[in-house]
Amino acid sequence: MEMLTIGAFANACRLSPKALRLYDELELLRPARVDPETGYRYYAVAQLEQARLVAWLRRIGMPLARIRRVCALDDASAAQEIRAYWARVEAETAGRRELVAFLVNHLSYTPRKDTAMLELRYSALSDTGLVRPANQDTAHAGARVLAVADGFGTNGAPASTAAVEALKSLDGEPLPGGSVLNLLEDAVRGAARAVQDATPGKDDGTTLTAMVWTGSQLGLVHIGDSRAYLLRDGELFRITHDHTMVQSMVDEGRLTPEEAVAHPQRALLLKALTGGADSVVPDLRLCDALPGDRYLLCSDGLSTVVADEELRRLLGSAPAPDAAVRSLVEAAIDVGGPDNVSCVVADVVEADGGQRLG
């Protein structure tokens, strides 16, 4: 058996002698022979492949304990384990990216120079649909809070109700100036506690997509696969990212958006508020409001059965939020209403003392 000194082996596999000694102590990469008198380590040439794998896995940031598991697997299983690890890294990175964008937006925000006062006009509607025996959605539209929650499990309805009720208290309170981030974080923590109090186990829970109006901006909180859209100047923009297994597969390039629509696991959530959940990190975003903007929050009972182009058409043709929510729910019912369907529509308008639609 051809042997290499620890120095030669380190040069060949791009691991330092110090790292090799550590991996020996951790029983991750043991030397082929240790000189009984000098304690000097020798490695077999055949060990280079495993050593290079360890080096590559360390370069992508994999913890040593997980590397040990990967190295004990056959090639196909090791590939699956690496893929699963990287999917988690990308999901966590995406969450941090959203937070970074939020912080940059929040800290660099410049108030509007014009003196026009803005307000919301809004409406909410929820329907059981034609297939489900009960409605587990909750929708709310108020002076400061817009929210849609889609419950699941035996106690899905109490879960969605609890999450939205936790936010509704903000409707009647003046918002503290300059602390939108803290406000949104507190809102999510309050919703999470409310869901845990309302549901007995981890199989019951809810999504939550909500917006808080500051008078010039809308702060977005998003967990799950309910969605938020912005209609501006006739163009529709989706401003949330689904927290689903299928969406993560699309992000990784393993599925096309067209394949995702018909995937049997398209409703499998990666993030939700549940009775047994640890703290969930939501997506946070600040949206600058312009007169004429129209926002839509909806459960997947609408977005999975009505195409974005049809959403754009219906939102663009409805004269007011109450007409918009009726037309959107009717569109979902017209194509079979396979799920509960809920939506909130809010218009940003210049304040004129007109009455809001609730």
Side-chain angles (χ1 to χ4, degrees), residues 94-112 116-122 124 138-149 163-195 206-232 237-243 271-273 279-299 321 343-349 351 356:
R96 290 194 292 270
R97 186 184 302 117
E98 288 285 341
L99 182 56
V100 167
F102 178 93
L103 288 169
V104 170
N105 193 357
H106 177 61
L107 295 173
S108 60
Y109 173 67
T110 302
R112 289 162 48 91
M117 297 294 292
L118 300 179
E119 66 180 12
L120 296 182
R121 294 181 180 172
Y122 45 79
T138 301
H140 168 76
R144 294 188 179 91
V145 176
L146 313 171
V148 167
V164 172
E165 287 292 329
L167 299 182
K168 284 171 62 176
S169 61
L170 296 175
D171 270 334
E173 299 178 2
L175 300 184
S179 59
V180 179
L181 178 59
N182 292 337
L183 178 72
L184 295 177
E185 285 189 326
D186 288 345
V188 173
R189 282 196 292 266
R193 289 193 298 270
V195 170
T206 184
T207 68
L208 178 63
T209 300
M211 304 189 86
V212 178
W213 173 243
T214 70
S216 59
Q217 293 179 298
L218 283 156
L220 172 69
V221 172
H222 171 66
I223 301 168
D225 64 351
S226 296
R227 291 182 177 179
Y229 295 85
L230 166 63
L231 182 71
R232 175 176 286 173
F237 306 93
R238 176 150 64 101
I239 57 176
T240 53
H241 194 71
D242 293 347
H243 298 144
K271 282 186 182 182
L273 298 175
S279 59
V280 177
V281 179
D283 291 348
L284 299 174
R285 181 170 180 174
L286 279 176
C287 303
D288 289 329
L290 297 177
D293 286 349
R294 173 166 282 182
Y295 286 90
L296 165 66
L297 278 62
C298 65
S299 63
C343 55
V344 170
V345 172
D347 291 347
V348 179
V349 300
R356 298 179 182 88

Non-hydrogen side-chain atoms of C287 and M211 separated by less than 4.5 Å: yes

Residues which pass side chain to side chain donor-acceptor pair (under 3.5 Å) with D225, listed by chain and number, not counting sequence neighbours: none

Closest non-hydrogen atom pair, H241 against R238: CA-NH1, 4.3 Å

Closest heavy-atom pair and its distance - V344, A141: CG1-CB, 3.9 Å

Gap between atom CZ of R144 and atom CG of L183 - 0.5 Å precision: 10.5 Å

Taking every non-hydrogen atom, the tightest pair across A139 and V148: CB-CG2, 4.3 Å

Main-chain N/O of L290 paired to D293 side chain as donor or acceptor, under 3.5 Å: yes

Exercise: identify the closest heavy-atom pair between A210 and L167: CB-CD1, 3.5 Å

Atom of D171, atom of A143 and distance for their closest heavy-atom approach: OD1-N, 3.3 Å

Contacts of type side chain to side chain contact (heavy atoms under 4.5 Å, CB included), residue T209, not counting sequence neighbours: L220, H222, S226, A228, T240, L297

pair R227-T207: side-chain heavy atoms closer than 4.5 Å: no

Heavy-atom closest contact (Y295 atom, D288 atom, distance): OH-O, 3.8 Å

Residue list, side chain to side chain contact (heavy atoms under 4.5 Å, CB included) with A191, at least two apart or on another chain: A163, A166, L208, L273

Check: K271 main-chain N/O paired with H243 side-chain donor or acceptor under 3.5 Å: no

Side-chain touch L296/C343, heavy atoms, less than 4.5 angstrom: yes

Qualifying residues under side chain to side chain contact (heavy atoms under 4.5 Å, CB included), relative to V349, sequence neighbours excluded: E119, R121, D347

Contacts of type side chain to side chain contact (heavy atoms under 4.5 Å, CB included), residue V188, not counting sequence neighbours: V221, I223, P282

Residues which pass side chain to side chain donor-acceptor pair (under 3.5 Å) with R193, listed by chain and number, not counting sequence neighbours: none

Inter-residue atom distance L120.CG - R294.CZ, 0.5 Å rounding: 12.5 Å

